[in-house]
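The structure appears below as structure tokens.
Every value quoted in this text rests on a predicted model; they were computed, and no experiment measured them. Each ligand, and each atom within it, is numbered from 1 in the order the structure gives.
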Amino acid sequence: MQLAARVNRIAISPTSAVLAAAERLRAQGADLADFGPGEPDFPTPEHIQRAAIRALEQGKTKYTPTPGIGPLRDAICKWHAAQFGSSYTVPECIVTVGGKHAIFNVFCCLLEAGDEVLIPAPYWVSYPDMVQYTGATPVPVMTDPSDGFRLRAEQVSRAITPKTKLLIVNSPSNPSGAVVPAEEFVKIYEVCRAKNIWLLTDECYSHFVYGNQKPYSLASVPGTKPNIIIAGSLSKTFAMTGWRIGYLLAPEPLVAAMTKIQSQSTSNPTSIAQYGALEALTGPMDTVTAMLAEYSRRRDRIVSGLRAIPGVTCVEPGGAFYAFPSIAAHLSKEIPDATTLSKVLLEKQHLVVVSGDAFGTPGYIRLSYATSIDRIEEGLRRLERFFVSAAAAR
Ligand code: PLP
């Protein structure tokens, strides 16, 4: 079939492909140890569910304003101000169909063929394809595992060319869990501002940071607003992945351009999901704290378990809910790369992991610990068993 060139520039998300293969095995009755999903295993908190049910019962099932219902836009600005110390107003805020859609639409608004977008690696799988869809060029900026994969201002500086239009920073990071330290974030921002480059900060995992770290936004720094774009999501923070509610905070002309695109595409995010989101942002946050405590326990278990496997090294993730170990020492003639390894692990051990190749970082695999401690233990056992027997056979 003759499809438009822009469709041929992108591929289906590799994480969706892994999940689909795992689903096929599960349907055949396989007992999977599943480190695949990039979503919380917790249910959406009940008070949020109730708010959406109430909205449904009250007939709030019609089109809403394109950029979202006024009370939700207001709540997003107030919540962001309370959580991070920012100062956005309603015209600088748009509600989107998930954080992914916010980022996709920003790219559609800003990027043209010939533009370059800096994407720190390891990166979230969707960024390069979304950039390519617009005709612009993704430029990976490699971070250093010995520095915990944290992005540094000098790495950004070195990658900038006259064509650079935008830098995207995802902190905490999917897949590495790296958190950019606040003072480094400001340096990165200053590099961008000096060169008139947009800094898009994807705050999707903002509330899952461990130890004594606190959720952080660059928008808390006075004066940054004209050069930064905040993409946020309720998916992970409030265990609302299927609700598809995200948002964008940015200078008014950009929000107006996004609104124009939404008005000609999705019209508005789902009405009742917006009422659920309103409750999430104005109601109690104790379920978020409870989820964080559980992720923290799981993080400790998975990181220590991975490090105990001979030949595996693992940077301690500062945030999000992924471990990203190096398995390079276990690659061989039979299993030459992480993509082959992830297929073999699925076939032979019914163990689901995502190859680091998908995240622009060969020699690594991503394990989501949004799963119970029991399943983490089981998965670690299978991984160790596989590596030990493969090493013995070599
Ligand atoms: N950004 C990152 C880094 C992600 O990992 C994801 C989802 O996995 C998203 C954005 C988008 O999330 P959603 O579209 O569900 O809000």
| Between the candidates Ile245, Asp202, Asn174, which shows the shortest non-hydrogen contact distance to atom 2 (C) of ligand 1? |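 Shortest heavy-atom distance from atom 2 (C) of ligand 1: Asp202.
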So, [X] and [Y]: side-chain donor and acceptor under 3.5 Å apart, yes or no?
{"X": "Thr339", "Y": "Ser355", "value": "yes"}
{"X": "Tyr247", "Y": "Tyr88", "value": "no"}
{"X": "His80", "Y": "Ser86", "value": "yes"}

4.5 Å side-chain heavy-atom contact, [X] and [Y]:
{"X": "Asn170", "Y": "Tyr123", "result": "no"}
{"X": "Asp115", "Y": "Leu110", "result": "no"}
{"X": "Val353", "Y": "Tyr364", "result": "no"}

| What part of Lys236, side chain, backbone, both or neither, has a heavy atom within less than 4.0 angstrom of ligand 1? | side chain
Give yes or no for whether the N/O distance cutoff of 3.5 Å, strictly under, is met between [X] and ligand 1.
{"X": "Tyr127", "value": "no"}
{"X": "Thr241", "value": "no"}
{"X": "Lys100", "value": "yes"}
{"X": "Gly99", "value": "yes"}

| task | Not counting sequence neighbours, list each pair that qualifies as a side chain to side chain donor-acceptor pair (under 3.5 Å) and has a residue in residues 276-293. | result | His47-Glu279
| task | Sort out for me which residue in Trp124, Tyr295, Tyr205, Tyr369 forms a ring pair (Phe, Tyr, Trp, His ring centres under 6.0 Å) with Tyr322. | result | Tyr205
Which atoms of ligand 1 sit under 4.0 Å from any heavy atom of [X]?
{"X": "Gly98", "result": "14 (O), 16 (O)"}
{"X": "Ser233", "result": "13 (P), 16 (O)"}
{"X": "Ser235", "result": "13 (P), 15 (O), 16 (O)"}

| Considering only the protein, which heavy-atom contact is closest to atom 4 (C) of ligand 1, and what is its distance? | Trp124 CE2, 3.5 Å
| Among all protein non-hydrogen atoms, which one is nearest to atom 14 (O) of ligand 1, and what is the separation to 0.1 Å? |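 Sorting protein heavy atoms by distance from atom 14 (O) of ligand 1 puts Arg244 NH2, 2.8 Å first.
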| query | Is Asn170 near ligand 1, meaning one of its heavy atoms is under 4.0 Å from it? | reply |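 Yes; Asn170 lies near enough to ligand 1 that a heavy-atom distance drops under 4.0 Å.
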